Number of protein chains: 2
Amino acid sequence: MPYFDVLQLRKLPYSQLPNLKSKPVATLRPFADRVVDRSTLQNWAQQYAELDIPSVEACLAFLRATADVQTALEAHFARYGLSMGKFTLLMQLFQAPEQGFTPSECAERSGVTRATITGLLDGLERDGLVERQPRLGDRRMLSVRLTEEGRSLLVRMLPDHFCRTTGLMGELTVSEKTTLIELLQKVQAGTKAMLEP
Amino acid sequence: MPYFDVLQLRKLPYSQLPNLKSKPVATLRPFADRVVDRSTLQNWAQQYAELDIPSVEACLAFLRATADVQTALEAHFARYGLSMGKFTLLMQLFQAPEQGFTPSECAERSGVTRATITGLLDGLERDGLVERQPRLGDRRMLSVRLTEEGRSLLVRMLPDHFCRTTGLMGELTVSEKTTLIELLQKVQAGTKAMLEP
DNA sequence: GCCTAATGATTAGCCAGCTAATCATTAGGC
DNA sequence: GCCTAATGATTAGCTGGCTAATCATTAGGC
């Protein structure tokens, strides 16, 4: 759930995505954008000295962008029957050496737990995009590899994928992209403050 | 799962978060940052004319920041026994009129489905932070309100919350915050390209 | 050489999104 | 006035994160 809606912003209702299986039946109806009310924010700022308006606005803008991009990526991957996690996994295997990766290697490279990888592999294997084989030499490990079908799915989708990635950043000039990267790195550095005990 | 790890970036391993209940046992070990390899990117760019390096880099930076902020917020809310969704809901009710909101209103304001609200309310009600009561006049509807306990939890946590939000943006100057907001709006506009049929 | 500890994969179970279906209630057309 | 359609809430079931526990296998110390 989008956190920023505390202050009445909104994300794209999922049911409005194009190309997803079905019509909404008893789900959210579209509703007008509710942009954050300056006076509400100022009101809060009077009650809480800790509230810094520009920071909150930047944070809300970030979360709003986050939610929209997330939604858009999900819709993109859904066209190919994939989720972000599954695509990530496939791309890793696409670049993998001959013998593939072990599930643990996949987990480590992805920054998710092994349990999550097990689940994703179950799905990908069910869809015939990936195969698990015993690893010679150490019977605890498995080799995970793309099947031909998996490889061809990627080859088929990558042009579209890169094209849409370019489109996502299409409103920014090259120098704006550079600036954005710098500013995002500063936000990332700020997460330290959130994580502190 | 963080999509950007296709190109070997990483997010903070969940198990390294401070203040979460327990020690990692059989989970991810820390591993070195793998920054995207320029030459890999250039290599790919040769194979796929659609790949625009600055766009991909900006996209990866964004997704990386997204994942880290998400993780940090989750850790922050976890200190108070909340998730982002629950916090959002509580904040809405905090500002609600006397009679509270109906679950549907909550859903609409949050941009999530009613089913999701039902689940969140179940959890919040179980924890005694919120109460559901029948609505006079229309027996299909419910009134959802904060309990005293819910209200006092918010009052207790908000100073810390705003403080940490300010901290999150603490590395940026005021004018950088403004710039960031502008650039993020452009990224948001770019999601159109992702959503197109 | 054996026994304990470490490692790899899986399983079970929680959470919070989602869709689709169901049920109760209300509203509206004829 | 009644019956159908719309509306509000819930439920069931899927997904993909997570933790914790389990099980098999391997490695290492003594």
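This one's a predicted model, so the numbers in the text were calculated from it and none came from an experiment. Protein chains get the first letters and strands the later ones, always in sequence-line order, with residue 1 at the start of each.
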Nucleotide nearest [X] (side chain, heavy atoms from C-beta), chosen from [options]:
{"X": "B/Arg126", "options": "C/dA9, C/dC15, D/dG17", "result": "C/dC15"}
{"X": "A/Arg114", "options": "C/dT10, D/dT15, D/dT10", "result": "C/dT10"}
{"X": "B/Arg140", "options": "D/dT7, D/dA24, D/dG16", "result": "D/dT7"}

Exercise for review: Determine the contact category for A/Arg135: base if any of its heavy atoms lies under 4.0 Å from a base atom, sugar-phosphate if only primed atoms, P, OP1 or OP2 are that close, otherwise nothing.
Suggested key: nothing
Review point. What does B/Thr118 touch in the nucleic acid at a heavy-atom separation under 4.0 angstrom: a base, only the sugar-phosphate, or nothing?
Key: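 The answer is base, as B/Thr118 lies within the cut-off (heavy atoms under 4.0 Å) of a base atom.
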Whole-Å distance between [N] [atom2] and [X] [atom1]?
{"X": "A/Leu89", "N": "D/dT15", "atom1": "CG", "atom2": "P", "value": "16 Å"}
{"X": "A/Glu125", "N": "C/dT10", "atom1": "CD", "atom2": "C1'", "value": "13 Å"}
{"X": "B/Met84", "N": "C/dG17", "atom1": "CE", "atom2": "P", "value": "9 Å"}
{"X": "A/Phe77", "N": "D/dT15", "atom1": "CZ", "atom2": "C1'", "value": "16 Å"}
{"X": "B/Glu108", "N": "D/dA9", "atom1": "CD", "atom2": "C1'", "value": "15 Å"}
{"X": "A/Ile117", "N": "D/dG16", "atom1": "CD1", "atom2": "C1'", "value": "11 Å"}
{"X": "B/Leu82", "N": "C/dC15", "atom1": "CG", "atom2": "P", "value": "13 Å"}
{"X": "A/Leu120", "N": "D/dC14", "atom1": "CG", "atom2": "P", "value": "17 Å"}

Review point. Under 30°, 30 to 60°, or over 60°: which ring-plane class applies to A/His76 and A/His161, parallel, tilted or perpendicular?
Key: parallel
[N] OP1/OP2 closer than 4.0 Å to side-chain N/O of [X]:
{"X": "A/Thr116", "N": "D/dG16", "answer": "no"}
{"X": "B/Ser104", "N": "D/dA9", "answer": "yes"}
{"X": "B/Arg132", "N": "D/dT10", "answer": "yes"}

Practice item. Examine the base of C/dT25 for any acceptor or donor lying under 3.5 Å from a partner atom in the side chain of B/Arg139, and report the outcome as yes or no. Key: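 Check fails, no donor-acceptor contact within cut-off.
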Exercise for review: Would you mind reporting whether B/Thr102 and B/Arg135 have side-chain heavy atoms less than 4.5 Å apart?
Suggested key: yes
Practice item. Please step through salt bridge (charged side-chain N to carboxylate O under 4.0 Å, His left out) for the pair B/Asp122 and B/Arg126, ending with a clear verdict. Key: CA-CA 6 Å; B/Asp122 285 349; B/Arg126 179 168 25 84; over 6 Å; no
For [N], which nucleotide in any strand shown is its Watson-Crick or wobble partner with both distances under 3.5 Å?
{"N": "D/dC30", "value": "C/dG1"}
{"N": "C/dT25", "value": "D/dA6"}
{"N": "D/dG17", "value": "C/dC14"}

Check your understanding: How about A/Thr178 and A/Ser175: does a side-chain donor come under 3.5 Å of a side-chain acceptor?
Key -> no
Check your understanding: If you measure only the distance, is there a donor-acceptor pair under 3.5 Å linking the side chains of A/Glu74 and A/Ser83?
Key -> no
Point to revise | Distance-minimising heavy-atom pair for A/Leu195 and B/Ala72 | key: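 So the minimum-distance heavy-atom pair works out to CD2-CA, 3.8 Å.
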Review point. Between A/Ala115 and A/Ser83, which is nearer to the 5' end of DNA chain D once each is assigned its nearest nucleotide?
Key: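 Nearest-nucleotide comparison on DNA chain D picks A/Ser83.
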